[in-house]
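The structure appears right after this line, and notes come after that.
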Number of protein chains: 4
Amino acid sequence: MSPRSSEQNEKIREERIQQIIDAAIAVYLEKGVRGTEMGDIAKRANMARGLVYYYFKDKMDLFRFVFTRLIEEAKTYISSTLLSDEEVISKLRTYARFYLRSSQLKPHMVQFYRNIPADIPFVFGDKGEAVLKEYVDNATGPLHRVLEQGIREGKLKPLDPRLISAVYWGGLMGGMNAMSSGQVPEEQAERMMDDVIDILLDGIVNKKG
Amino acid sequence: MSPRSSEQNEKIREERIQQIIDAAIAVYLEKGVRGTEMGDIAKRANMARGLVYYYFKDKMDLFRFVFTRLIEEAKTYISSTLLSDEEVISKLRTYARFYLRSSQLKPHMVQFYRNIPADIPFVFGDKGEAVLKEYVDNATGPLHRVLEQGIREGKLKPLDPRLISAVYWGGLMGGMNAMSSGQVPEEQAERMMDDVIDILLDGIVNKKG
Amino acid sequence: MSPRSSEQNEKIREERIQQIIDAAIAVYLEKGVRGTEMGDIAKRANMARGLVYYYFKDKMDLFRFVFTRLIEEAKTYISSTLLSDEEVISKLRTYARFYLRSSQLKPHMVQFYRNIPADIPFVFGDKGEAVLKEYVDNATGPLHRVLEQGIREGKLKPLDPRLISAVYWGGLMGGMNAMSSGQVPEEQAERMMDDVIDILLDGIVNKKG
Amino acid sequence: MSPRSSEQNEKIREERIQQIIDAAIAVYLEKGVRGTEMGDIAKRANMARGLVYYYFKDKMDLFRFVFTRLIEEAKTYISSTLLSDEEVISKLRTYARFYLRSSQLKPHMVQFYRNIPADIPFVFGDKGEAVLKEYVDNATGPLHRVLEQGIREGKLKPLDPRLISAVYWGGLMGGMNAMSSGQVPEEQAERMMDDVIDILLDGIVNKKG
DNA sequence: CATGAATGAGAGTTCATTCAT
DNA sequence: AATGAATGAACTCTCATTCAT
């Protein structure tokens with residue numbers, strides 16, 4: 001009956017929050033933000049409705065937290081990927097491979113990438129535009145700069161980099177979808193990723209070089 | 001003083017239904033199915049809430065109608081595009097050009113293509129799976145078959161057609177996004193479409209031919 | 001194109017009103033006052049919703065009219081039955097026989113007799129109490145007086161006439177239910193009525209006479 | 001500060017449910033199923049509308065629960081009454097006395113007996129017919145069998161037992177009405193019940209025995 | 001920290017009634 | 001006299017959020 005020490009409390013706190021987030025993500029992926037009910041989250045996290053509110057002011061607060069985490073995660077990945085000083089084509093290859101691999105390992109991220117542009121404005125309200133812009137800058141910005149560099153160096157087709165970026169990212173998303181289906185046997189994964197990357201790069205490299 | 005003729009009534013009905021559908025699509029694109037309120041639809045269609053229920057049993061009935069129309073529309077487009085007996089590469093070119101052009105003309109279709117796989121199960125309930133399957137078969141099936149033909153003929157890379165399909169469609173969606181942004185001046189549209197198609201095809205054609 | 005004559009109009013008027021009433025009664029018997037929708041009445045009467053309102057100010061107005069008619073009808077029956085100057089037992093016999101027979105011929109009247117005490121207050125609002133009282137006086141009053149006479153004459157049990165009335169009427173209603181079931185073959189009807197009447201009278205006649 | 005124990009919660013739940021049921025019955029008796037509004041129930045039960053939905057899925061669910069309880073109650077009464085091994089006339093006497101007494105003590109049951117055949121199909125939907133049949137079997141079945149026995153033994157008139165049953169039950173209902181009016185002084189109650197029973201039995205016993 | 005009963009604003013739906021034709 | 005499209009008040013039901021314990 002002795003009160004819990006603050007370390008214990010802190011530990012419980014973190015565990016609970018993680019449980020809530022995991023549950024929120026799970027429900028969110030199935031039903032979207034509006035379709036996610038606080039009761040569902042609590043149930044899936046194995047706790048009472050009230051406790052969710054103990055840790056998060058309200059539904060949007062919870063989702064802001066979840067989205068911020070996911071965005072942060074994505075940001076970390078990307079920067080760790082494209083900031084190296086490899087050669088352009090190599091970079092693009094690494095970049096694509098990274099997303100493809102993580103789609104296989106964390107299939108929910110694919111869905112997240114697909115929905116985030118539509119959900120951020122709703123979840124973040126006024127600040128939505130800013131958050132979205134920052135996210136996009138972080139997610140697409142580096143890719144953008146690499147593409148621009150590649151175009152300048154004559155290694156990529158001399159087209160509008162925004163257009164190349166859009167098609168490249170779209171194709172990559174298509175590949176990610178395929179990789180995330182959960183039906184890719186490990187021994188084929190490498191091959192599939194290579195194939196996707198081949199398609200993507202063959203589409204944009206400048207053959208007249 | 002005499003009552004309206006049935007032609008007049010029929011005309012009114014059609015107009016009203018069209019107004020409701022237009023309003024529903026507009027709100028849907030902004031807020032999704034769950035976020036769309038019947039009141040908003042009525043307001044945007046300039047009528048009382050009750051009138052929406054006069055024409056549609058309930059919200060899901062309305063959305064089923066809207067989705068069915070959109071699916072039908074998409075189906076028509078596709079079949080009119082890929083069933084011709086051109087040569088494979090030509091077909092793929094026509095196919096892509098068609099989607100790109102219609103993305104520019106009907107920007108909402110892009111969003112629809114993106115959301116439909118997630119919304120169909122919700123809107124159609126039990127029958128969702130069947131409807132979705134039928135839609136996908138109609139939407140991707142023809143593309144699939146053309147790709148298989150191309151692979152057989154050695155004109156496309158000898159890869160898993162499902163993978164090619166996924167990346168091709170993803171890239172095309174990326175291009176459609178770009179085309180639908182509403183910021184493409186008409187004089188650049190042709191050029192943009194050609195560029196997108198170039199990227200898409202260069203990615204998948206078999207250069208060792 | 002010549003306007004209808006007023007006689008024609010009057011004829012149409014009466015026909016329409018009758019159609020509405022018939023439809024209203026039919027729906028009412030199935031769903032009760034609150035469960036009856038004006039649209040159902042119109043549909044069953046084969047006319048547009050609006051026309052019902054042309055003839056009746058509103059739903060309650062229609063029902064007041066319907067109820068008044070039914071009450072009137074019942075009143076007429078009763079008075080024609082009990083006002084004769086037969087001997088008491090004879091009168092009660094005739095009275096019962098009359099209701100039993102009409103239950104067989106117009107099964108809906110049974111249901112009406114059962115529901116009317118509960119529905120009158122709702123349909124007639126403030127005046128409900130008065131209407132109900134008047135109805136009861138008309139329906140039960142004569143029976144009441146006959147019973148009182150019978151008691152005075154020593155032909156019926158010397159009990160509270162209200163009690164006898166209640167039980168007699170209840171038993172008669174039970175018999176009416178049986179007669180109205182629609183499964184009574186004509187050749188058995190007479191016999192059944194006699195049996196019911198025997199039970200009713202044996203219950204209340206004074207055997208010590 | 002510690003959360004309520006599950007016993008406390010269970011107690012709260014039971015109390016709340018009982019309050020809701022009591023309120024529902026009260027409103028139901030005044031307005032019928034269709035006329036009963038969930039808001040009225042909540043108000044009469046002194047709680048927010050939402051709480052009613054916390055305990056019952058929807059209006060019909062609540063009414064199914066209420067009806068099931070009332071039916072159960074009625075069933076218990078009846079079986080406890082007629083299953084004894086008294087002599088036939090005695091049984092019928094006990095049976096009638098039981099209903100008359102309980103009509104006086106729980107006046108609402110009379111109204112319930114009167115309305116239940118009409119309301120069950122509405123409340124139970126598809127299953128209405130089955131529920132109604134089961135209810136009638138339980139309510140009338142035992143009486144029926146006693147009557148058949150009495151007829152066989154020559155103690156009751158040699159008539160169709162269904163007919164006797166109908167008239168007997170009707171007459172009893174009439175007596176119950178009288179008893180439930182709330183205006184029966186306790187000192188007269190016994191006398192009234194005896195009178196009713198006399199009428200009922202004199203109607204059906206076989207005097208030629 | 002934890003529970004789940006309780007609340008009420010607001011969305012979905014129905015239906016009596018009106019109105020232009 | 002007749003039609004059926006149109007309206008909106010009122011009801012049913014959901015769910016984010018609060019609160020007593």
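The structure displayed is predicted, hence computed values, not measured ones. Side chains are part of it too, since the values below use all heavy atoms of this structure and drop only hydrogens, waters and symmetry mates. Lettering follows sequence order; numbering is per chain, from 1.
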Taking F:dA2, F:dA6, E:dT7 as options, the one with an atom nearest any side-chain atom of C:Leu51 is F:dA2
May I have the list of side-chain donor-acceptor pairs in residues 23-33 of chain B shorter than 3.5 Å, sequence neighbours left out?
unit_1	atom_1	unit_2	atom_2	d
B:Tyr28	OH	B:Asp119	OD2	2.6

Residue list, ring pair (Phe, Tyr, Trp, His ring centres under 6.0 Å) with A:Phe65, at least two apart or on another chain
A:Phe56
Among F:dT14, E:dA20, F:dT7, the one nearest any side-chain atom of B:Ala48 is F:dT7
B:Phe56 atom CZ is separated from E:dT14 atom C1', nearest whole Å, by 18 Å
By a strict heavy-atom criterion of less than 4.0 Å, which residues belonging to residues 57-70 of chain D are in contact with DNA chain F?
D:Lys57, D:Asp58, D:Lys59
Contacts of C:Glu37 meeting side chain to side chain contact (heavy atoms under 4.5 Å, CB included) (sequence neighbours excluded), chain-then-number -> C:Asp40
Should D:Tyr53 be listed as having a side-chain N or O under 4.0 Å from OP1 or OP2 of F:dT14?
no
Does anything in residues 16-42 of chain A reach DNA chain F, meaning a heavy atom under 4.0 Å, and if so which residues?
A:Thr36, A:Glu37, A:Met38
Within the structure, does a side-chain N or O atom of D:Tyr55 lie under 4.0 Å from either OP1 or OP2 of E:dA6?
yes
Using the criterion of both pairing distances under 3.5 Å for Watson-Crick and G-U wobble pairs, give all stems of 3 or more consecutive pairs involving DNA chain E.
E:2-21 with F:2-21
From the candidates F:dA9, E:dT7, F:dA16, the one with an atom nearest any side-chain atom of A:Arg49 is F:dA16
